[in-house]
Amino acid sequence: MTKTMETIMTAFAEQSQDAIPVHAVSAETYEQLIHGADARTQAALTALAYLPKSGKTVILPNPEGGIERVVTGVGSTADRWDFAGLPSQLPPGLYRFEGLPASRATDAALAFALGHYRFGRYKKGESSEAKLVWPEGADRAYVEAAAEAVALVRDLVNTPGNDMGPAELADAARALAARYGAAFSTIEGDELKAANYPLIHAVGIGSPRAPRLIDFTWGDSAHPKITLVGKGVCFDTGGLDIKPDSGMLIMKKDMGGAAHALGLASMIMRLGLKIRLRVLVPAVENSISGRAMRPLDVFNSRAGLTVEIGNTDAEGRLVLADVLADASSEHPAAILDFATLTGAARVALGPELPALFCNDEAMAAGLLAASAETRDPFWRLPLWQPYAADLEGKTADLNNVASGGFAGAITAARFMEKFGANGVRWAHFDV
């Protein structure tokens, strides 16, 4: 368990009669609270002109100057994020939900846990001392697994590039694999070229920090094989087609796809799901040097297709191409890849709605149903076949960027599809 996770899980306590009640009320249930409350509570809420909106919290005092109860607003439809602000809104003390439906207990506990997250590696932050009695009916195993996974993802993404290069990302993956007894290996530096991962090598060789392929497997080989792939570009300068400074200021997060894959793997292994899991992360730094790839360079790929470099800043799809070819060759039950791949996806859908591409209708329907059930939304975009023609290369089989300036998220997904997923169910999340 990481230090961050230890801090998060101290947010919970066992049952205590001294805990301060927290009433979660929506516009529909607020009147019930008012009618059932004592005169002092009614008067306080009326004086405050309280309206039950999601995340709006009021603290009601008792005659001795302490806290008698807390009222917090939630939406009409279940959403775990209704509860995420509580740790930062409550004074130190022990609290318990009162009248919370069992159907919302798990979400409330998970949100409370995540509300305790602080990234304190470099700057000591204020930690909440508000603690919560485990809500009755909460699935503790799920809450702990999900909170740990999210904390891992956040810690990895928040760590700056000088402390989160390919080697450090591999160390984090190695530690995770060791914790659950997974078989772990890496291929590093020039060995990538010898092992037929030429695109990973081409992207990462411009940095003095050697590129590598992170690979681990876990679970019973008799169970369905699921392969998770994560883009691990630990910092992206844009290469010789250099990014502007405004773009580079957020590029420590360009390994966010790898962080997602490791977080999901953490949940799968901790919960002991009946899956034969494989995790593949190409970990590179896209840097500028005399060894860096150039515009119009041509490279072979693991799949045998040649690729012309139309833009060195479209490096994520290159490293993923070799990995998808590897993953598909084993014909797993499904491949899921996660990548901070395109700004075009953010332009199309905004920052809170990741794009999903999927080559299988049943798989897409299942993912969308799970998305709705967990209130963790994404939106499916099409693998539009006619746009594939925009990726044809002049001196190679493919160019890594489309000839037009439109539909960048779709053409990136179409590029990746060329290198794998033939006959294999595949979902690509542009996060």
Side-chain angles (χ1 to χ4, degrees), residues 118-123 125 153-169 172 199-212 230-260 281-297 299 307-320 338-355 399-413 415-416 429-431:
R118 302 291 186 274
F119 183 64
R121 178 170 176 175
Y122 304 97
K123 180 180 178 181
V153 175
R154 292 178 177 178
D155 280 352
L156 291 172
V157 172
N158 283 330
T159 302
N162 60 312
D163 284 332
M164 186 51 65
E168 290 81 6
L169 184 57
L199 292 177
I200 300 175
H201 181 268
V203 172
I205 204 61
S207 170
R209 302 200 287 182
R212 61 206 66 207
K231 173 187 168 184
V233 179
C234 296
F235 193 86
D236 179 20
T237 66
L240 292 174
D241 289 338
I242 191 168
K243 287 181 184 290
D245 59 351
S246 59
M248 260 190 265
L249 283 172
I250 59 172
M251 280 300 105
K252 73 173 185 178
K253 61 88 177 174
D254 211 21
M255 38 62 66
H260 274 73
V281 172
V284 301
E285 181 174 68
N286 188 22
S287 293
I288 299 170
S289 75
R291 298 188 72 189
M293 63 180 176
R294 295 166 289 264
L296 300 186
D297 280 355
F299 297 98
V307 181
E308 182 179 25
I309 306 303
N311 193 309
T312 62
D313 198 15
E315 83 299 328
R317 65 200 68 183
L318 296 173
V319 298
L320 291 171
F338 304 88
T340 54
L341 204 64
T342 68
R346 305 288 76 74
V347 171
L349 299 175
E352 296 184 6
L353 197 59
N399 198 298
N400 73 325
V401 291
S403 55
F406 300 105
I410 297 174
T411 55
F415 177 88
M416 289 164 57
F429 295 86
D430 192 331
V431 296

Partners passing side-chain hydrogen bond (donor to acceptor under 3.5 Å, both in side chains) against R294 (at least two apart in sequence or in another chain) = D297

Which heavy-atom pair separates A344 from A409 by the least distance, and what is that distance?
-> CB-N, 3.4 Å

Using the test ring-ring contact (aromatic ring centres under 6.0 Å, His included), find all partners of F429 that sit at least two apart in sequence or belong to another chain.
-> F338, F378

Note, L240 side chain near P295 side chain (heavy atom, < 4.5 Å) = yes

Got a sec, which residues hit side chain to side chain contact (heavy atoms under 4.5 Å, CB included) with A407, two or more places apart in sequence or on another chain?
-> Y387, I410

Nearest-0.5 Å distance, CZ of residue R118 to CG of residue N158 = 12.5 Å

Do the non-hydrogen side-chain atoms of I242 and M248 ever get within less than 4.5 Å of each other?
-> yes

With R317 via salt bridge (charged side-chain N to carboxylate O under 4.0 Å, His left out) - residues at least two apart = none

Residues pairing under salt bridge (Lys or Arg N to Asp or Glu O under 4.0 Å) where one sits in residues 250-259, two or more places apart or in two chains, turn out to be K231-D254

Can you sort out the partners of A348 under side chain to side chain contact (heavy atoms under 4.5 Å, CB included), two or more places apart, ordered by chain and number?
-> none

Test item: N400 side-chain N/O and T312 main-chain N/O as donor-acceptor pair under 3.5 Å = no

So the salt bridge (Lys or Arg N to Asp or Glu O under 4.0 Å) pairs with at least one residue in residues 201-212 (sequence neighbours excluded) are E188-R212, R209-E285

Heavy-atom nearest pair, N399 first then I309, reads OD1-C, 4.2 Å

Taking only residues two or more places apart in sequence or in another chain, which ones pass side chain to side chain contact (heavy atoms under 4.5 Å, CB included) with S289?
-> R291, A292

Is there a side-chain contact between M251 and V233, using heavy atoms and a 4.5 Å cut-off?
-> no

Heavy-atom closest pair (A339 atom, L320 atom, distance to 0.1 Å) is CB-CD1, 3.7 Å

Nearest heavy atoms of V281 and A258, plus distance in Å | CG1-CB, 3.6 Å

Show your working on side chain to side chain contact (heavy atoms under 4.5 Å, CB included) between F415 and V401 and close with a plain yes or no.
-> CA-CA 8 Å; F415 177 88; V401 291; over 6 Å; no

Pair up each side-chain donor or acceptor in residues 162-169 with any protein partner under 3.5 Å, not counting sequence neighbours, and list the distances.
{"residue": "D163", "atom": "OD2", "partner": "Y122", "partner atom": "OH", "Å": "2.6"}
{"residue": "E168", "atom": "OE1", "partner": "G165", "partner atom": "N", "Å": "2.9"}

Could you tell me which residues satisfy salt bridge (charged side-chain N to carboxylate O under 4.0 Å, His left out) with R154, sequence neighbours excluded, listed by chain and number?
-> none

Tell me, please, which residues at least two apart from A259 pass side chain to side chain contact (heavy atoms under 4.5 Å, CB included).
-> V153, L156, V157, M255

d(N311 CG, L296 CG) to nearest 0.5 Å is 10.5 Å

Polar side-chain atom of T411 near backbone of G408 as donor-acceptor pair, under 3.5 Å = yes

State, to 0.1 Å, how close T340 and D430 come at their nearest heavy-atom pair, and which atoms those are.
-> C-OD1, 4.3 Å

For D313, all residues meeting salt bridge (charged side-chain N to carboxylate O under 4.0 Å, His left out), sequence neighbours excluded = K243

Taking every heavy atom of A412 against every heavy atom of T342, the minimum-distance pair comes out as CB-CG2, 3.7 Å

